[in-house]
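Take a look at the structure below.
Side chains are part of it too, since the values below use all heavy atoms of this structure and drop only hydrogens, waters and symmetry mates. Residue numbers start from 1 in every chain, and the chains themselves are labelled A, B, ... in the order their sequence lines are given, proteins ahead of strands. All values reported here derive from a predicted model rather than from experimental measurement.
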There are 2 protein chains.
Amino acid sequence: MKNPSVPTLEDVAREANVSTATVSRCLNSPEKVVEKTRERVLASVSRLGYSPNFGARALAAKRTDTIGAIIPTMENAIFARGLQAFQEVVSENGATLLVASSAYRQDLEETQIRNLVARGADALLLIGDDRDDKIYEFLSNRGIPYVVAWSYRDDDNHCFVGFDNRSAAKEMAAKIIELGHTRIGMIAGLTRNNDRARDRVLGVKDAITEHGLNVDDLHVIEAEYSFAEGGNAVEHLLSLAPRPTAIVCGNDILAVGAMKRARSLGIQIPDQLSITGFDDIEVCSVVEPSLTTIHVPHRNMGKTAAKSLFAMMESEAICASSHLETYVVERQSLAAPPKS
Amino acid sequence: MKNPSVPTLEDVAREANVSTATVSRCLNSPEKVVEKTRERVLASVSRLGYSPNFGARALAAKRTDTIGAIIPTMENAIFARGLQAFQEVVSENGATLLVASSAYRQDLEETQIRNLVARGADALLLIGDDRDDKIYEFLSNRGIPYVVAWSYRDDDNHCFVGFDNRSAAKEMAAKIIELGHTRIGMIAGLTRNNDRARDRVLGVKDAITEHGLNVDDLHVIEAEYSFAEGGNAVEHLLSLAPRPTAIVCGNDILAVGAMKRARSLGIQIPDQLSITGFDDIEVCSVVEPSLTTIHVPHRNMGKTAAKSLFAMMESEAICASSHLETYVVERQSLAAPPKS
DNA sequence: TTGCTAAATGTAAGCGCTTACAAGTCTATC
DNA sequence: GATAGACTTGTAAGCGCTTACATTTAGCAA
C-alpha cells in the first residue's frame, strides 16, 4: 500500500496561509508564535490530520527524544516488569521508548543496538555487560549514553544500575550451607552470553569454597528458562549418588519447575529436599510450598536506570552507577537437611 | 552529549573514492555494483564504522521495513508471548519490530500509534478493537495496514487475527452450569477500554441466559490484573449470600489469586468452590489444585498476525481475518457443586 | 578499428523538517 | 511624525539518504 497523500508541513502552511517555519514553530515552541496565528495553524493541523514525519524531524533537528532498550526476551517477567517501570519514567520526561529484543543472541543484539542508534535513539538501556567491546566503542564514538542494568560490578567500565548477582547468590548458598546442607546441586540458567547467570553460579561456588566444602562436588546443570526444563534438570540431579539435599536455582522459573517435578516424584519439599530460587517473581508466593528466593527490586531498577540515563543526557555526567540491594526472602521451600 | 562526528555516506564515498550513489547501492542492492568496487566500499564502511542514518533513509526511500506493535502492557505474559512469536516472523522477513505500550489508556495508545506511524512504521499490530474511529480513519488515510489481534469478530471492519472471547467464555460457563452449578460469580478483568474483558463477561451471561438461569444473579466484580486483586475479589464474592459455588475468572492471574485466597480462608477447591481461568498461561499447571482454564494459542496468534500483515503489505490484499480456536483445558479446579 | 549494447558509475534533485538570519510590523518614545 | 527596539513572520539552506536519469566504461561483433 502506498500512502495516498500524507499531509506535510507545507500543506499545513498553505492551508493556514503562513510559512512552513511558522507551522514548525507552532508545533515546537508555541510561545514564539502569536496566539491568533497559532490558533489558525493548529486548526489547519487538525483539519488536515497532519502529524510530522519523524525521520525528517530527526534529520533536521538532530535529536529524537527517543530512548532505546534492548532486552533478551519479553517472555521473562523480570524484564517486562523492569521495563514497564523504565517506560513510565521515560514518558514522564516526554520521551518515547523503543524496545527491541535479542533472544539472547549476541549478533542479534548488536544488530538491534545499531538499529536503534540509526533510528536516532538518544540513549540506550542494555541488560548485562556481556558483549563485544566494539559495541561499547561504537556507542562511545557516537556519544550515546547507555546504562547497563541487571548487573552491577565495582568498576568504572560502565554505568551500572543493578545488583550484584554473584554476592546475592553467594548469600543464598551460604544460608543453605549454614543450615547444614553439604550435598548441593545447582540448576543454572543458560550462561552463554549471560553474565547474570554466570555470576550466580560463581556466587554459589564462592559460598561453598568459603565454607570449606569442595567446589568439585557442586553439580551444576544449565537449563532453559521454563518449568519443564527445571523439572528435567532436577530429575537428573536426583538420580545422582549421593543425592543432593538442596538445590539452588538460577531463577524462580527453574526452581518452581524443579519443585513441582520433585513433588510429583514423591519427594517432600523441604523435608527431603530444599529448593531456592532467584528473582522473587509473583509465582513464588503462589506455589506450594512457597519458594524461598532472592528478592530483586526490578521495578526500582527500571526507574533508576531511566533516571540515570536522563541525568547523563542532561549533564554529560560521567557514569554514576547505582548498586541496588537484594535480600533473601525466606519462605517454605528451604529447611535443614533431612537427618539421615 | 553531542555526536562527536558521525560518519555519513559522503564520508564513506570520499574514503572509497566513489560517488555516494555507489555507496548507497552497495548497501541496498549490492548486485548492482561490481565486486571490486563493492569490496573497497565495504572496507571503508567498516573502517569508518559507518551506519546509515535511519531518518534520512526513511525520508528518501519512503519505506522503513519497520513494523510497529502497541500492546497494553508488557507485564502481561500473554502479550509477551504472542509478541515474541510475532517478532520472530518479523525478523524472518527482514523487518524490525518496534514496541510501545499504552498502559490500557486510550489517549496514550493514540499517541503511541501516531508516534509509530510518524516513525515510518509500514504496518501495525493492534490489540483488541476498542478504540476511537478516528484512529482507524487516520490509519486508512495513511494507507497503513494493521491487524487487530486477541479479538475476533465476524464482521469486515478490520483484519482480525484472534479468537472469540465471548464464545470461549460462554463455553466455559456452559460447562460449569452443566456440572450443576447455579450460583455463579465472576471476577472479570477491568473492562474499560478492553473489549476482550467485556466480551468474556458477555459470554458468561450468554451461557447463563441460554441455560435458563437468571443473569441478574450473576455477581460480577472487576479487578486489576494481579493475584492480590483476585484474592480480594473472591473474598468479597464469598461474603455474599447465597454464596456462589463456582467463580469464573476473566484471566488466569485473577483465578490463581482467587484460588489461593479461598484456600487460605479454609475453603476446599474444587470440593466447596470451583474456580476457572482464561488464557492458559504456564502458572495454571503449577498451582495446586491445577487450574481449569481456556487455552488460547498466543504464540500461534502472534505468528499468524505477522504473516497476515506481510501479506497485506505485499499484495494490498483486503483483510483476511483469522479465527483461531480456543478450548477448555480441564484440570482440577472445576468440579460439581457440593451437595448441600 | 569502429560502432553498438549493456553494465557500472556519477550527477543531482528531492524527501519533510528545523533554524539562522533577514525582513517586516508594531509600540512607545522623543 | 520619525525612529529605535521588540516581536512576529518569512526565506532558504541544509540534515543524510535514495534513485531517476545522464554519463562513462567495458565487451564484443563486424
Side-chain angles (χ1 to χ4, degrees), chain A residues 2-42 44-45 48-66 114-115 117-120 122 142, chain B residues 2-42 44-45 48-66 114-115 117-120 122 142:
Chain A
K2 266 266 119 329
N3 291 352
S5 76
V6 180
T8 70
L9 237 212
E10 207 180 328
D11 296 327
V12 177
R14 198 175 312 121
E15 249 258 336
N17 203 24
V18 295
S19 72
T20 59
T22 300
V23 179
S24 174
R25 279 190 283 257
C26 280
L27 266 25
N28 298 302
S29 36
E31 76 283 358
K32 289 187 183 165
V33 174
V34 82
E35 176 159 352
K36 197 154 176 198
T37 314
R38 200 190 323 148
E39 274 173 7
R40 188 153 37 96
V41 170
L42 292 181
S44 299
V45 164
L48 263 44
Y50 168 78
S51 65
N53 177 310
F54 195 83
R57 169 178 283 184
L59 194 56
K62 305 185 161 318
R63 64 177 161 61
T64 59
D65 294 326
T66 297
R114 286 181 188 279
N115 203 306
V117 169
R119 289 186 132 78
D122 293 331
R142 285 268 196 300
Chain B
K2 266 266 113 345
N3 292 351
S5 76
V6 180
T8 70
L9 237 213
E10 208 180 327
D11 297 326
V12 177
R14 198 175 311 120
E15 250 258 335
N17 203 24
V18 294
S19 72
T20 59
T22 301
V23 179
S24 174
R25 278 189 283 256
C26 280
L27 267 26
N28 298 304
S29 37
E31 76 284 357
K32 289 189 182 163
V33 173
V34 81
E35 177 160 351
K36 197 156 176 193
T37 314
R38 199 192 321 149
E39 273 172 9
R40 188 153 37 98
V41 170
L42 293 180
S44 299
V45 164
L48 263 44
Y50 168 79
S51 66
N53 177 310
F54 195 83
R57 169 177 283 185
L59 194 55
K62 303 181 163 320
R63 64 178 159 62
T64 60
D65 293 328
T66 297
R114 285 180 188 279
N115 203 305
V117 169
R119 289 186 130 78
D122 293 332
R142 285 264 194 304

Intermediate values then yes/no, side-chain contact (heavy atoms from CB on, under 4.5 Å), A:S19 and A:T22: CA-CA 5 Å; A:S19 72; A:T22 300; 3.3 Å; yes
Between the protein and nucleotides 9-12 of chain D, are there any N/O to N/O pairs under 3.5 Å, and if so, what are the atom names and distances?
from	atom 1	to	atom 2	distance (Å)
D:dT9	OP1	A:T37	OG1	2.3
D:dT9	OP2	A:V34	N	3.1
D:dG10	OP2	A:S19	N	2.9
D:dG10	OP2	A:S19	OG	3.2
D:dG10	OP2	A:T22	OG1	2.7
D:dG10	N7	A:R25	NH2	2.8
D:dG10	O6	A:R25	NH1	3.3

Point-to-point distance, once rounded to the nearest 0.5 Å, from OG1 of A:T37 to NZ of A:K32: 15.0 Å
Mind listing the closest non-hydrogen atom pair of [X] and [Y] along with its distance?
X	Y	value
B:T8	B:Y50	C-CE1, 3.5 Å
B:T64	B:F54	O-CZ, 3.6 Å
B:R40	B:V18	NH1-CG1, 3.9 Å

Starting from [atom2] on [N], measure out to [atom1] on [X] and report it in whole angstrom.
X	N	atom1	atom2	result
B:F54	D:dT18	CZ	P	11 Å
A:K62	C:dA20	NZ	C1'	15 Å
A:L9	C:dC15	CG	P	13 Å
A:D11	C:dC17	CG	C1'	13 Å
B:E31	C:dA8	CD	P	10 Å
A:L59	C:dC17	CG	C1'	8 Å
B:E35	C:dA7	CD	P	17 Å
B:D65	D:dC17	CG	C1'	15 Å

N/O (side chain, A:S24) to phosphate O (OP1/OP2, C:dC17) under 4.0 Å: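 A:S24 to C:dC17 OP1/OP2: no side-chain N or O under 4.0 Å.
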OP1 or OP2 of D:dT18 under 4.0 Å from side-chain N/O of B:N28: yes
A:L59 vs B:L59 side-chain heavy atoms within contact, under 4.5 Å: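 Yes, at least one pair of side-chain atoms sits under 4.5 Å.
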Side-chain donor-acceptor contact under 3.5 Å, A:S51 with B:R142: yes
Those residues that, when tested against A:L48, pass side chain to side chain contact (heavy atoms under 4.5 Å, CB included) (two or more places apart): A:P7, A:D11, A:V12, A:E15
Distances under 3.5 Å between nitrogen or oxygen atoms of protein and nucleotides 4-6 of chain D:
none

A:R25 side chain to A:V33 backbone, donor-acceptor under 3.5 Å: no
